[in-house]
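Working notes for the structure below.
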2 protein chains.
Amino acid sequence: MSIACDTCVVRNRAICSVLDTDELVALNRIGRTRTISAGQTLMWEGEDSALVANVLDGVLKLSTGTEDGREQIVGIVYPADFIGRPFGARAQQTVTALTEARVCVFARGDFDAFAREHPALEHKLLQRTLTELDRARHWMLLLGRKSAMEKMASFLLEMSERLVQNGCTPDAGPLDRFALPFGRQQIADILGLTIETVSRLLTKLKNDGVIDLPSRREVTILQRDILRHRAG
Amino acid sequence: MSIACDTCVVRNRAICSVLDTDELVALNRIGRTRTISAGQTLMWEGEDSALVANVLDGVLKLSTGTEDGREQIVGIVYPADFIGRPFGARAQQTVTALTEARVCVFARGDFDAFAREHPALEHKLLQRTLTELDRARHWMLLLGRKSAMEKMASFLLEMSERLVQNGCTPDAGPLDRFALPFGRQQIADILGLTIETVSRLLTKLKNDGVIDLPSRREVTILQRDILRHRAG
DNA sequence: CGTGGCATTGATGTGGCTCAACGATAGTGG
DNA sequence: CCACTATCGTTGAGCCACATCAATGCCACG
């Protein structure tokens, strides 16, 4: 097997970016790339944590659920993001692909050992984890204290910022038009709402001229300032 | 100044536990202990992140809020826990003492530099941060998908587990009787409810014989299995 | 041209919020 | 020691935002 990493699309953004060529060769030896089709699950909540991975391409969701089937999406994972629970026996979330996705997977034990020998990698992972923690806590404010409309507006704004795909375009700022990688039910699962409420809110925003909905999965933000105002 | 660390109550549980005596001396040199009275705020959301700290004693809350004054508590911090945002310019949460508290504080820059030179410390911090992230995400399920009663029951169960203070008693299991470090409003801010709802739920649980409320801040769990059942 | 999976829309119900009053408790100063 | 007051908690009545239940519409697929 040759070194895939030097042609890797996320080489300069994933946690691997802190490794030099030799280290990358070593890391590459213990990993392999894998393609996941939309809807397929990579790991299950509660199962023991056998894998960790870097996302090369596609979008995945992290979710937890109650026994009676209610689901909450607790994180969205994009290219260059890290997946899984190193140094821990159990996966705490289910990881499912929302689009077709390519990931670079490692056996958790192998990765743990490698990471412990490469402090720079652990440092990068720590930084990412701290950022994710801040993001998760910020989302808790949305879930616990915001109204349905505030949730929806906040969601659309965040999406328009996070979907700025790193195309080689230099920092284009938030997008005014983008395709959501989610269906309505999944938006509901992100915001802690029902699918009907999500639908009603979107059509209301459309009728009010704040956004447009060219197709089921596309959104155009027409009046960003008003949307921000509605985000609470 | 002498080494306070060797008599530190959290010496074996805080992140410092991975340091040897010499390293501890060095760390001690850049830190100092500080007492915070109940209700006092140690750092503010959005302010630049000047401090990090270890909690020696007491309980603190992490919170975020909307512009119009709604608050969400996003984390509770106990002795041996770590506070603050290393390697990042801005504090994302407000940190406020709920009880009188003693913390071991460091200038963020000093701590960052020290941590980068001590991979074992960063590793420990990474583990903690990963655990906190799992906890935060789990809490998102509660905030987004659980009913008020399920939130309350989950909260009481979690408290009975986390307040098992490490008295030198060997692993006593969850407590059936404990004092909450929170008033009703703060419970509401943790669960994303109003104070009135919190009050009604507690008296309902009491009337149903599931718990008892000996005083304002004390709780006795009488029927843990039923409480678990109501936690959803 | 059906068929099945999403999405929208409407009618109705209800859990938890809001507003308002009252009660309990702890601290304070006479 | 007790009245006084501020703070916190409890309780009730009413309402509203969002859930629930139930049709209907829209495509994309064979």
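Throughout, a chain's letter reflects where its sequence line sits, starting with A, and its residues are numbered from 1.
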For D:dA19, does OP1 or OP2 lie under 4.0 Å from any side-chain N or O of A:T194?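 It does, given that an N or O in the side chain of A:T194 lies less than 4.0 Å from OP1 or OP2 of D:dA19.
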
At a heavy-atom distance below 4.0 Å, which nucleotide of DNA chain C is the first touched by chain A, and which is the last?
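Both ends considered, the range comes out as C:dG5 to C:dA11.
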
What residues form a side-chain contact (heavy atoms from CB on, under 4.5 Å) with [X], not counting sequence neighbours?
X      : answer
A:S160 : A:P174, A:F178, A:I221, A:R224
B:T220 : B:R177, B:D212, B:P214, B:L222
A:I195 : A:R184, A:Q185

Which residues in residues 196-207 of chain A have a heavy atom closer than 4.0 Å to any atom of DNA chain C?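 Hits under 4.0 Å, by residue number: A:E196, A:S199, A:R200, A:T203.
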
Indicate every side-chain donor-acceptor pair of residues 225-232 of chain A with a distance under 3.5 Å to a residue at least two apart or in another chain.
from	atom 1	to	atom 2	distance (Å)
A:R230	NH1	A:D208	OD2	2.9
A:R230	NH2	A:D208	OD2	3.1

Minimum heavy-atom distance between [X] and [Y], given as atom pair plus value:
X      : Y      : result
A:F155 : A:W139 : CA-CH2, 4.4 Å
A:A97  : A:I36  : CB-CG2, 3.8 Å
A:P79  : A:R13  : O-NH1, 3.9 Å

So, does [X] use its side chain to make a donor-acceptor pair with the main chain of [Y] at under 3.5 Å?
X     : Y      : result
B:S49 : B:R85  : yes
A:Q72 : A:I190 : yes
A:T94 : A:E45  : yes
B:R90 : B:G46  : yes

Where do B:L191 and B:M152 land on the side chain to side chain contact (heavy atoms under 4.5 Å, CB included) test, with the steps shown first?
-> CA-CA 7 Å; B:L191 300 178; B:M152 191 72 232; 4.0 Å; yes

Please round to 10 degrees the angle between the axis of the first five pairs and the axis of the last five pairs in the helix from C:dC1-D:dG30 to C:dG30-D:dC1.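 Overall, the helix from C:dC1-D:dG30 to C:dG30-D:dC1 bends by 30° from one end axis to the other.
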
*asked:* Quick one, B:Q186 with B:L98, criterion side chain to side chain contact (heavy atoms under 4.5 Å, CB included). Give me CA distance, side-chain angles, the key distance, then yes/no.
replied: CA-CA 9 Å; B:Q186 276 153 355; B:L98 295 174; 3.4 Å; yes

Result for side-chain contact (heavy atoms from CB on, under 4.5 Å) between A:L156 and one of A:L205, A:L201, A:I187 points to A:L205

**Prompt:** Would you say the side chain of B:I83 lies within less than 4.5 Å of the side chain of B:M43, judging by non-hydrogen atoms?
**Reply:**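 Result yes, sub-4.5 Å side-chain heavy-atom pair found.
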
Residues at least two apart in sequence or cross-chain that pass side chain to side chain donor-acceptor pair (under 3.5 Å) with A:N207, listed by chain then number, are none

Please list, pair by pair, any protein nitrogen or oxygen found under 3.5 Å from a nitrogen or oxygen in nucleotides 27-29 of chain D.
none

- Query: Could you go step by step and tell me if A:R32 and A:R34 meet the side chain to side chain contact (heavy atoms under 4.5 Å, CB included) rule?
  - Reply: CA-CA 7 Å; A:R32 62 187 196 82; A:R34 180 172 156 187; 3.9 Å; yes

The correct set of residues in residues 141-156 of chain B placing a heavy atom under 4.0 Å from DNA chain D is none

request  = Using a cut-off of strictly less than 4.0 Å between a heavy atom of the residue and any atom of DNA chain D, enumerate the qualifying residues of residues 63-75 of chain B by number.
outcome  =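 Contacts with DNA chain D under 4.0 Å: none.
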
Could you check how far [atom1] of [X] sits from [atom2] of [N], rounded to whole Å?
X      : N      : atom1 : atom2 : answer
B:R217 : D:dT10 : CZ    : P     : 12 Å
B:Q186 : D:dT7  : CD    : C1'   : 13 Å
B:L180 : D:dC8  : CG    : P     : 16 Å

Sequence neighbours left out, cut at 3.5 Å: what donor-acceptor pairs do the side chains of residues 55-63 of chain A make with other protein atoms?
from	atom 1	to	atom 2	distance (Å)
A:K61	NZ	A:E71	OE2	3.0

